[in-house]
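Taking it in order: structure first as structure tokens, then the write-up.
In this text the structure is predicted, and so the values were computed from the model without any measurement.
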Amino acid sequence: MSITCRTSLVRQAPGKYETATVEVDDPRQDEIRVKMVASGLCHSDDHIATGDIPVGTYPFAGGHEGGGIVESVGPNTKGFEVGDKVLFSFLPACGQCRWCATGHSNLCDLGAGLLAGTRWTEDSTRLHLEDGSNVGQMCGISTFSEYSTVAVDSAIKVAQDTNLEVACLLGCSVGTGWGTAVNAAEVKPGDTVIIQGIGGIGANAVQGAAHAGATNVIAVDPVAFKREKALELGATHAVESMEEATEIAKGFTNGQGADSALVTIGITKPEHVGEAFASIRKQGTVVVTGLGDITEVGVPIPIGELTLFEKKLKGALFGSSNPKADIPMMLNLYNAGKLKLDELVTKRYKLDEIAQGYEDMHAGKNIRGVVVFD
């Protein structure tokens, strides 16, 4: 039988998150139902509310970065028991498609259905309003909900002593930012790296670049608070503009420019990519991780520089990581004192305060807001 709980959803786009009562289905085979403990407030969920990222089912329950405790397990479902602590990967991994089989599970074919709101293989949802109408699930998990029924493709069991209030961030922001530097940009010891935008993603790109051995980690953000946090997380320099960052990078590289520039701005626009491209050396790399209006076309980069200087421009989804391997690895880094998570959480919110949390994010007050469930 289904259970009833509260969730935070948008009824249309543009819109704002509001709390509603929903019924949560029992888990079917290869599914679990989880009582949520905490969820990060990621900018991607705000893109859903603004309409920058369109979805297939309204109302649409948000949240894709969270952790909780298994409340029930579907029939013939292996690997999970009631009481297990789990983290979610916003990207499911089937383990069988070409991408999973070649070590690129962040590109798993199941990801094609992330924004449909329904299950990957069928036109149904696991959340419903009290009148029986369907509620779409963000990435199939909807972590802005007191309970959520999810496919095991998206769940990772973790140790019972895991602090889910901070570990929940591993499901998106930490892996995305850290991996952008380490996996996608392939930062090496001695590199000079520019990181454009120090929010939940950029802050972890700073950590990743520092972990990879970059000598110069140059953080760029117009908000003084975020520049200060970047310095605490491993940046060697923190400036307001790309012009300043580019000059600093050239000063360390005999006028050549940065080895890599990472675009982690919350609302990424074409001109941001152009600025990053202008900041790198010959054979340098620009990695674009931030999202904006996903229908926008065109990036202002000189074709001559692309060809004659062999500059590289690439995108990165979840930091080009393999979630089911990399999330436990990053949790181990945190437990060993090598990765900072507690310092990323600026403020904790209740479920009813999600809209306020996003207002605070837009005001530049948060590195990461976290929803904590009672």
Side-chain angles (χ1 to χ4, degrees), residues 40 42-45 47 53 64-67 87-93 99-100 102-108 110-111 114 139 141 154 156 166-188 191 193-214 217 219-220 230 233-235 258-266 268 272-273 276 284-292 294 312-334 338-341 344 367-368:
C42 182
H43 206 136
S44 295
D45 295 291
H47 286 311
I53 299 178
H64 65 279
E65 179 184 81
L87 296 174
F88 296 130
S89 166
F90 79 93
L91 294 171
W99 306 106
C100 287
T102 56
H104 303 284
S105 62
N106 64 309
L107 297 175
C108 177
L110 295 180
L114 289 182
C139 297
I141 54 180
S154 304
I156 299 161
V166 294
C168 67
L169 303 181
L170 296 172
C172 178
S173 61
V174 178
T176 300
W178 193 90
T180 293
V182 176
N183 300 325
E186 298 180 338
V187 173
K188 296 178 176 60
D191 276 1
V193 181
I194 295 174
I195 298 160
Q196 190 180 12
I198 309 300
I201 307 300
N204 291 294
V206 167
Q207 292 204 77
H211 285 170
V217 180
V220 183
L233 294 168
D259 297 289
S260 57
L262 318 180
V263 184
T264 55
I265 294 175
T268 297
H272 298 140
V273 181
T285 301
V286 171
V287 180
V288 182
T289 299
L291 288 171
I294 64 173
K312 296 181 284 291
L313 173 61
K314 63 188 296 188
L317 175 63
F318 202 8
S320 300
S321 64
N322 288 292
K324 292 199 173 182
D326 289 347
I327 287 175
M329 177 270 294
M330 289 184 290
L331 184 57
N332 287 338
L333 285 175
Y334 168 69
K338 303 295 185 182
L339 180 69
K340 295 181 179 180
L341 297 181
L344 301 173
I367 295 296
R368 205 45 147 202

*asked:* Using the side chain to side chain donor-acceptor pair (under 3.5 Å) definition, which of the options Thr264, Thr289, Asn204 pairs with Thr180?
replied: Thr289

*Has the side chain of Gln196 got a donor or acceptor atom that lies under 3.5 Å from a matching backbone atom of Ala261?*
no

*Report the C-alpha distance between Ile194 and Ser260 in whole Å, list the side-chain angles of each, state the deciding distance to 0.1 Å, and finish with yes or no for side-chain contact (heavy atoms from CB on, under 4.5 Å).*
CA-CA 6 Å; Ile194 295 174; Ser260 57; over 6 Å; no

*Would you say the side chain of Pro328 lies within less than 4.5 Å of the side chain of Leu331, judging by non-hydrogen atoms?*
no

*Point-to-point distance, once rounded to the nearest 0.5 Å, from CG of Asn106 to CG of Asp326*: 9.0 Å

_Main-chain N/O of Ala214 paired with Asp191 side-chain donor or acceptor, under 3.5 Å_ = no

*Closest non-hydrogen atom pair, Met330 against Leu170*: CB-CD2, 3.7 Å

*Are a donor atom and an acceptor atom from the side chains of His104 and Asn322 found within less than 3.5 Å of each other?*
no

*In terms of the angle between their ring planes, are Phe318 and Phe90 parallel, tilted or perpendicular, with boundaries placed at 30° and 60°?*
tilted

*asked:* I need the Leu339 CG to Leu233 CG distance, nearest 0.5 Å.
replied: 9.5 Å

*Let me see the working for Leu333 and Trp178 under side-chain contact (heavy atoms from CB on, under 4.5 Å), right down to the final yes or no.*
CA-CA 12 Å; Leu333 285 175; Trp178 193 90; 4.0 Å; yes

*How far does OG of Ser321 sit from CD1 of Ile327, to the nearest 0.5 angstrom?*
7.0 Å

*Identify the heavy atoms of Ala185 and Leu262 that sit nearest to each other, and give their distance.*
CB-CD2, 3.6 Å

_Within a 6.0 Å radius of atom NZ on Lys314, are there more than 12 heavy atoms belonging to other residues, nucleotides or ligands?_
yes

*Could you state the interatomic distance from CG (Leu91) to OG (Ser154), rounded to the nearest 0.5 Å?*
8.5 Å

*Which pair of heavy atoms, one from Ile367 and one from Ala203, lies closest together, and at what distance?*
CG2-CB, 3.9 Å

_side-chain contact (heavy atoms from CB on, under 4.5 Å) between Leu341 and Val174, intermediate numbers included_ = CA-CA 8 Å; Leu341 297 181; Val174 178; 3.7 Å; yes

*asked:* Give me the atom names and distance for the closest heavy-atom approach of Cys108 to Ala93.
replied: SG-CA, 3.9 Å

*asked:* Please find the pair of heavy atoms, one from Ala181 and one from Gly208, that lie closest to each other, and give the distance.
replied: CB-C, 3.8 Å

_Taking the side chain as everything from C-beta on, heavy atoms only, tell me whether Val187 gets closer than 4.5 Å to Asp259._
no

*With rounding to the nearest 0.5 Å, note down the distance linking CD1 in Ile265 to NE2 in His272.*
4.0 Å

*asked:* Using 0.5 Å steps for rounding, measure from the CG atom of Leu110 to the SG atom of Cys139.
replied: 12.0 Å

*Show your working on side-chain contact (heavy atoms from CB on, under 4.5 Å) between Leu344 and Leu169 and close with a plain yes or no.*
CA-CA 9 Å; Leu344 301 173; Leu169 303 181; 4.0 Å; yes

*asked:* Just to verify, which of Ser173, Ser89, Ser44 counts as forming a side chain to side chain donor-acceptor pair (under 3.5 Å) with Glu65?
replied: Ser173

*Val217 and Gly234: which non-hydrogen atoms are nearest, and at how many Å?*
CB-O, 4.0 Å

